[in-house]
Visitor: 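Take a look at the following structure, please.
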Amino acid sequence: DLLEASLERIGETDQEIGAFLKLDEEGARYRAKQLDEQEPKGLLAALPAGIKDNIGTEGVVTTAGSQILGDYTPVYPATVMSKLEQAQANMIGKTNMDEFGMGSSNENSGYHKVRNPWDLDRVPGGSSGGSAAAVAAGQVVFGLGSDTGGSIRQPAAFCGVVGLKPTYGRVSRFGLIAFASSLDQIGPLTRNVEDAAYVLQAIAGHDPKDSTSADVEVPDYLSALTGEVKGLKVAVPKELMGEGIDAGVKARVQEALKLLESLGAVVEEVSLPHLEYAVPAYYLLAPAEASSNLARYDGVRYGVRVEGENLVDMFNRTRSTGFGPEVKRRIMLGTYALSSGYYDAYYLKAQKVRTLIRQDFEKIFDQYDVVIGPTAPTTAFRIGEKVDDPLTMYLNDICTIPVSLAGLPAISVPCGLSDGLPVGLQIVGRPFDESQVLRVAHAYE
Ligand code: GLN
């Protein structure tokens, strides 16, 4: 059966891949037995799932990849977990990730590295690299990830699976451990587009417990998978097909665009004039929000405490020991950007840039149905290749970050190989038009 096959596969492969931080075998077996008898069957009946470890799971340790939350066991489930339960999915375990979602390679996990199933010397991408690798290695039928600046889409691209970041507000963030609250979104990682539509159907919708969740009707995503793209207007930003994008990646994307044209789509070049400011703006805004969100980890309210001589010393020791180097870097960047005297020059400026980028997309969507380009400028890089150079690492998110700043829905779908490694095609839609994104991805796939 499905669960035993999954557990067997994990047993065979996860020693090497390291996709899981924790398995809940006992719980999964118990649920499998119950689900077997349950009628009627739910949308995701008994499908084994890997859940990113920043998603709160009641009674199951949830660390967000950080030592500081090493012993944190939520007493309530994230809304997406309640929804998965309604759909009768079966969580097998919690997947590895960059600490608090900060990273593009999973090398920032506070626990162990994840290896790319395509080539064990390479990274799976990040920060949802555990979920992406688990799906790619056939360990689970689907994974949940979270995406702040690309953390679902980029690992999907690197691991040759499908990853969907919904519109900001489409899926409840209640129970998701916050990184940058104005950007974080939960979404599916799956083997194909149809599965992504099923999982999104199960987790989408308004949630009174999340004030940023949108009260927008959830359509039937499966009925969008018509295979029809005739007359579809596709915009290809020239900045995303130029310098800095690997030749092999560009070639695969161009072939994908040709294929869409042969299916009747109209493909035209456009411009995202403020693209070059997206990464700098993101690396002010996301750390600023993170520095505020991470203030709560002080050894008093959550997780690990390192005793000190007095209260302040206890705070210092707890945070110095509990957080890894990238998290500390972001807290310093963020508190600096928010400090009085610098706020206008950095944080406010970055917010203005964010608006300009959103407007760039709005202008394009006046005339086009989707925006298409590569998901990442390269294929999966080698473990250790970028880890000592944060700026180079940050630039790997150049294709996904602008979309996050604009809050738009986007999918990464595999579009062939370059030197034996998977390439991802990113398809971006209008706000709350996940149906269109899924339709185009499905027609292409
Ligand atoms: N790689 C980006 C970062 O480090 C995006 C991470 C994410 O989407 N969670 O912030």
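Whatever order the structure lists them in is the order used to number ligands and atoms, beginning at 1. Residue numbers count from 1 along this sequence. These numbers come from the heavy atoms of this one structure, side chains and all, not from hydrogens, waters or symmetry mates.
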Visitor: What protein heavy atom sits nearest atom 7 (C) of ligand 1, and how far away is it?
Guide: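 Minimum-distance protein heavy atom for atom 7 (C) of ligand 1 reads Ser151 OG, 2.3 Å.
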Visitor: Centroid-to-centroid, Tyr336 to Tyr346, below 6.0 Å?
Guide: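 Yes.
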Visitor: What I want to know is whether Gly149 and ligand 1 share at least one N or O pair that is separated by under 3.5 angstrom.
Guide: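 Yes, since at least one N or O of Gly149 sits under 3.5 Å from an N or O of ligand 1.
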Visitor: Does any N/O atom on Lys52 come nearer than 3.5 Å to any N/O atom on ligand 1?
Guide: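 No.
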Visitor: State if Arg330 counts as touching ligand 1 under the rule of any non-hydrogen atom under 4.0 Å.
Guide: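 Yes, Arg330 has heavy atoms under 4.0 Å from ligand 1.
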Visitor: Below 3.5 Å, N or O to N or O, backbone or side chain included: is there any such pair between Gly126 and ligand 1?
Guide: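 No: no nitrogen or oxygen of Gly126 is under 3.5 Å from one in ligand 1.
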Visitor: So, Gln154 versus Ser412: side-chain donor-acceptor pair below 3.5 Å or not?
Guide: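 No.
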Visitor: Considering non-hydrogen atoms of the protein only, which is the closest contact for atom 2 (C) of ligand 1, and what is the distance?
Guide: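 That would be Asp397 OD2, 3.0 Å.
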Visitor: Tell me if the OH atom of Tyr72 is crowded by more than 12 foreign heavy atoms within 6.0 Å.
Guide: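 Result for OH/Tyr72: enclosed.
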Visitor: Any N/O of Phe179 closer than 3.5 Å to an N/O of ligand 1?
Guide: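 The answer is no, given that Phe179 and ligand 1 share no N or O pair closer than 3.5 Å.
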Visitor: Less than 4.0 Å is my threshold; does some heavy atom of Ala286 fall inside it relative to ligand 1?
Guide: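 Ala286: no contact with ligand 1 (<4.0 Å).
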Visitor: Check whether any heavy atom of Tyr283 sits under 4.0 Å from an atom of ligand 1.
Guide: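 Tyr283 counts as a contact of ligand 1 under the 4.0 Å cut-off.
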Visitor: Of all the atoms in ligand 1, which lie at a distance below 4.0 Å from a heavy atom belonging to Met102?
Guide: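 Atoms satisfying the 4.0 Å criterion: 4 (O).
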Visitor: Going by the order shown, which atoms of ligand 1 are within less than 4.0 Å of some heavy atom of Ser127?
Guide: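 What qualifies from ligand 1 is 9 (N).
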Visitor: Taking it one step at a time, do Phe365 and Val371 satisfy side chain to side chain contact (heavy atoms under 4.5 Å, CB included)?
Guide: CA-CA 8 Å; Phe365 281 119; Val371 174; 3.7 Å; yes
Visitor: Is the centre of the Tyr297 ring less than 6.0 Å from the centre of the Tyr302 ring?
Guide: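 Aromatic pair counts; centres sit under 6.0 Å.
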Visitor: Record the part of Tyr282 in heavy-atom contact with ligand 1 below 4.0 Å; permitted values are side chain, backbone, both and neither.
Guide: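 Side chain only; the backbone of Tyr282 stays clear of ligand 1.
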Visitor: Going by heavy atoms in the side chains, are Cys415 and Glu255 under 4.5 Å from each other?
Guide: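 Cys415 does not reach Glu255 side chain to side chain.
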Visitor: Quick one about Glu289 and Ser182 (side-chain donor to acceptor, distance below 3.5 Å, no hydrogens or angles considered), yes or no?
Guide: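 Their side chains do contain a donor-acceptor pair, which is all the 3.5 Å distance test asks for.
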Visitor: Return yes when atom NZ of Lys352 has more than 12 non-hydrogen atoms of other residues, nucleotides or ligands closer than 6.0 Å, and no otherwise.
Guide: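 No - once you tally the heavy atoms of other residues, nucleotides and ligands closer than 6.0 Å, there are 12 at most.
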Visitor: Does Asp369 come within less than 4.0 Å of Arg430, counting only side-chain N to carboxylate O?
Guide: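 Salt bridge flag = yes for Arg430 with Asp369.
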Visitor: Have a look at ligand 1 and work out which part of Thr148, if any, has a heavy atom under 4.0 Å from it: side chain, backbone, both or neither.
Guide: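 Under 4.0 Å from ligand 1, Thr148 contributes backbone and side-chain atoms.
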